[in-house]
Amino acid sequence: MNRLLILGTAIAALFVQPAFAQEQKLLNASYDIARELFVAENEAFVKTHPGVTIDQSHAGTSKQARSIVEGLEADVVTFNQVTDVEFLVKQGFVSKDWQKAFPNSASPFYSFPAFLVRAGNPKNIKGWADLGRDDVHAVFPNPKTSGNARYTYLAAYAWAKEEFKDDAEKIDAYITKIFDNVPVFDTGGRAATTTFVERGQGDVLITFEAETRGIEKQYGKDKVLSVIPSVSLLAEFPVAVVDKVAKKHGTEALAKTYLDFLYTEEGQRVAAEFGHRVHNEKVAGEFKDQFPEIRLVNVDDVFGGWSKIQSEHFASGGTLDKLYGSR
């Protein structure tokens, strides 16, 4: 009788154990320069979620969005541009109400385009006006493949709209000048960083403030220096569950839990430690002294929202196409 009881218990365990111990995996498709950030976020997340593995994919977010449509089975996306999530919505991979699924329109933290210059700032680069000079060569990725670079383009355009009082001819000449002076257009933000820091090309790297802070910390102020312009464009970092893939994998609940974690005090603190500005008031207060004040404009006020930007600037034949040309 005892043997039968033990045997029955062992057999039952074979069926019960996998339900609790079976490993679950998520694939997070993210933007190019977020590698170190999500290594830290993932480590923090799995400490309280044993048996979970978070795999990462990094590239320019426009490229990532296309890759998902073409077969990259990402359960979640942590992008740096709303239009790339909207592309997935149109393709049936993300729900239409994705921005209502998480706080702050599904953006757990934010940043803006800032500058990184050579030690001592030999070209005395202080703001957007300097990018139009003949002797200043900026480095940033291809705005057709990188959300990071699209923010650079939009931030420069927003400054020019204000500076030139919406004079289209002057704005276009300014943006064209910047494009003409870029030594090489890499496909993503991290490659542009390598071009500037390790290959020594250009006078100023334009990327998110979070990246400039990380590079300055890694290489030291004796090599590079972060410069915060007086005004820039708010860059939000949208997140979403890729419903079509998560449903296929059975990871819908885990995917939401993972993205929810980015809003927790712990997740926000990790983001702040990696140079991102956060919404959690307690964490933001802890890091207040590390983030200089800046006037941030937003896409709604300057451009009329992302839908209008997509149709006027980023659509085929739009303003970006005309100014970027066949570079």
Side-chain angles (χ1 to χ4, degrees), residues 26-35 37-38 41 54-102 104-111 113 140-154 185-192 207-208 211 233 235-249 251-252 255-256 258-259 262 299 303 305-321 324:
L26 289 179
L27 175 59
N28 174 18
S30 194
Y31 55 102
D32 194 45
I33 62 173
R35 302 166 195 270
L37 168 64
F38 281 102
E41 291 282 14
I54 312 294
D55 293 326
Q56 289 292 135
S57 172
H58 293 280
T61 59
S62 296
K63 182 178 180 181
Q64 290 283 62
R66 291 193 299 271
S67 295
I68 290 171
V69 173
E70 293 168 0
L72 177 66
E73 295 196 349
D75 303 273
V76 299
V77 293
T78 53
F79 282 173
N80 59 22
Q81 190 171 249
V82 169
T83 53
D84 291 323
V85 183
E86 287 295 330
F87 172 76
L88 293 177
V89 172
K90 292 177 182 179
Q91 299 297 320
F93 282 78
V94 171
S95 66
K96 293 181 179 180
D97 61 350
W98 65 276
Q99 287 187 300
K100 297 179 180 179
F102 301 97
N104 305 311
S105 297
S107 177
F109 39 80
Y110 64 98
S111 193
F140 54 90
N142 186 337
K144 293 190 175 183
T145 59
S146 167
N148 184 332
R150 289 190 174 192
Y151 268 113
T152 292
Y153 162 78
L154 291 172
F185 285 100
D186 295 295
T187 58
R190 187 49 54 87
T207 186
F208 295 124
E211 176 81 342
L233 185 75
E236 297 177 298
F237 295 82
V239 302
V241 176
V242 185
D243 302 277
K244 185 175 181 178
V245 176
K247 184 176 182 179
K248 175 183 175 182
H249 292 170
T251 56
E252 293 162 291
K256 185 179 186 309
Y258 174 69
L259 295 182
L262 301 178
V299 295
F303 298 101
W306 283 108
S307 295
K308 194 171 182 180
I309 286 175
Q310 180 61 37
S311 61
E312 293 185 359
H313 287 267
F314 298 152
S316 179
T319 305
L320 176 60
D321 266 0
Y324 186 81

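Remember, predicted model here, so these are calculated numbers, not experimental data. Atoms considered below: every heavy atom in the structure, side chains included; atoms not considered: hydrogens, waters and symmetry mates.
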Handout entry: Test log, rule side-chain contact (heavy atoms from CB on, under 4.5 Å), inputs V77 and D84
Key = CA-CA 10 Å; V77 293; D84 291 323; over 6 Å; no

Exercise for the section: Just do the side chain to side chain donor-acceptor pair (under 3.5 Å) check on N142 and T187 with the steps written out, would you? Expected result: CA-CA 5 Å; N142 186 337; T187 58; over 6 Å; no

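When the ring-ring contact (aromatic ring centres under 6.0 Å, His included) test is applied to F87, no partner is found at least two apart in sequence or on another chain. Partners of F314 by ring-ring contact (aromatic ring centres under 6.0 Å, His included), not counting sequence neighbours: none found. Among residues two or more places apart in sequence or in another chain, the side-chain hydrogen bond (donor to acceptor under 3.5 Å, both in side chains) test is passed with Y153 by H313. Applying the side chain to side chain contact (heavy atoms under 4.5 Å, CB included) rule to S95 yields the partners D97, W98, D243; only residues at least two apart in sequence or on another chain are considered. Checked against salt bridge (Lys or Arg N to Asp or Glu O under 4.0 Å), D32 has the following partners two or more places apart in sequence or in another chain: R35. A search for salt bridge (Lys or Arg N to Asp or Glu O under 4.0 Å) contacts involving R190 returns E36, E211, not counting sequence neighbours. Under the side-chain hydrogen bond (donor to acceptor under 3.5 Å, both in side chains) criterion, S111 pairs with no residue, sequence neighbours left out. With sequence neighbours excluded, no residue forms a salt bridge (Lys or Arg N to Asp or Glu O under 4.0 Å) with K247. The ring-ring contact (aromatic ring centres under 6.0 Å, His included) check on F79 picks up nothing, with sequence neighbours excluded. Take K63 and apply the side-chain hydrogen bond (donor to acceptor under 3.5 Å, both in side chains) test, not counting sequence neighbours, and it matches no residue. Residues forming a side-chain hydrogen bond (donor to acceptor under 3.5 Å, both in side chains) with T251 (at least two apart in sequence, or on another chain): D75. The salt bridge (Lys or Arg N to Asp or Glu O under 4.0 Å) search around E73 returns K248, not counting sequence neighbours.
Pairing each heavy atom of Q56 with each of S30, the nearest pair is NE2-CB, 4.0 Å. In this structure, N80 and Y151 approach most closely via the heavy-atom pair O-CE1, 2.6 Å. Nearest heavy-atom pair across A29 and A74 is CB-CB, 3.7 Å. Taking both residues in full, the closest heavy atoms of F93 and V69 are given as CZ-CA, 3.8 Å, listed atom of the first, atom of the second, then distance. Here the closest non-hydrogen pair linking V76 and A255 is CG1-CB, 3.5 Å.
For the atom pair CG (N104) and CZ (F237), the distance works out to 13.5 Å, reported to the nearest 0.5 Å. Taking CG of L154 as the start and CD of Q81 as the end, the distance is 7.5 Å to the nearest 0.5 Å. In this structure, CG on L72 lies 12.5 Å from CZ on R66, to the nearest 0.5 angstrom. E86 CD to K96 NZ: the interatomic distance, rounded to the nearest 0.5 Å, is 10.5 Å. The OG1 atom of T207 lies 4.0 Å from the CG atom of N148; values are rounded to the nearest 0.5 Å.
Between L37 and F109 there is a side-chain heavy-atom pair separated by less than 4.5 Å. Put simply, the side chain of T145 does not reach to within 4.5 Å of the side chain of S62, judged on heavy atoms. Considering only heavy atoms from C-beta on, E236 stays 4.5 Å or farther from V299 through its side chain. Between T152 and P143, the closest side-chain pair of non-hydrogen atoms is not below 4.5 Å. Between R150 and T83 the shortest side-chain heavy-atom distance falls below 4.5 Å.
Of the listed residues (V94, T61, V239, V242), just one forms a side-chain contact (heavy atoms from CB on, under 4.5 Å) with V85, and that residue is V94.
Of the possible polar contacts, none joining the S146 side chain to the G60 backbone as a donor-acceptor pair under 3.5 Å is found.
Between F38 and H58, the ring-plane angle classifies as tilted under the 30° and 60° cut-offs. In this pair, Y31 and F208 present their aromatic rings perpendicular. The plane angle is above 60°, beyond the 30 to 60° band.
For K308 and F303, the positive end is not near the middle of the six-membered ring at less than 6.0 Å and at most 45° from its axis.
A donor-acceptor pair shorter than 3.5 Å can be found between the side chains of S57 and Q64.
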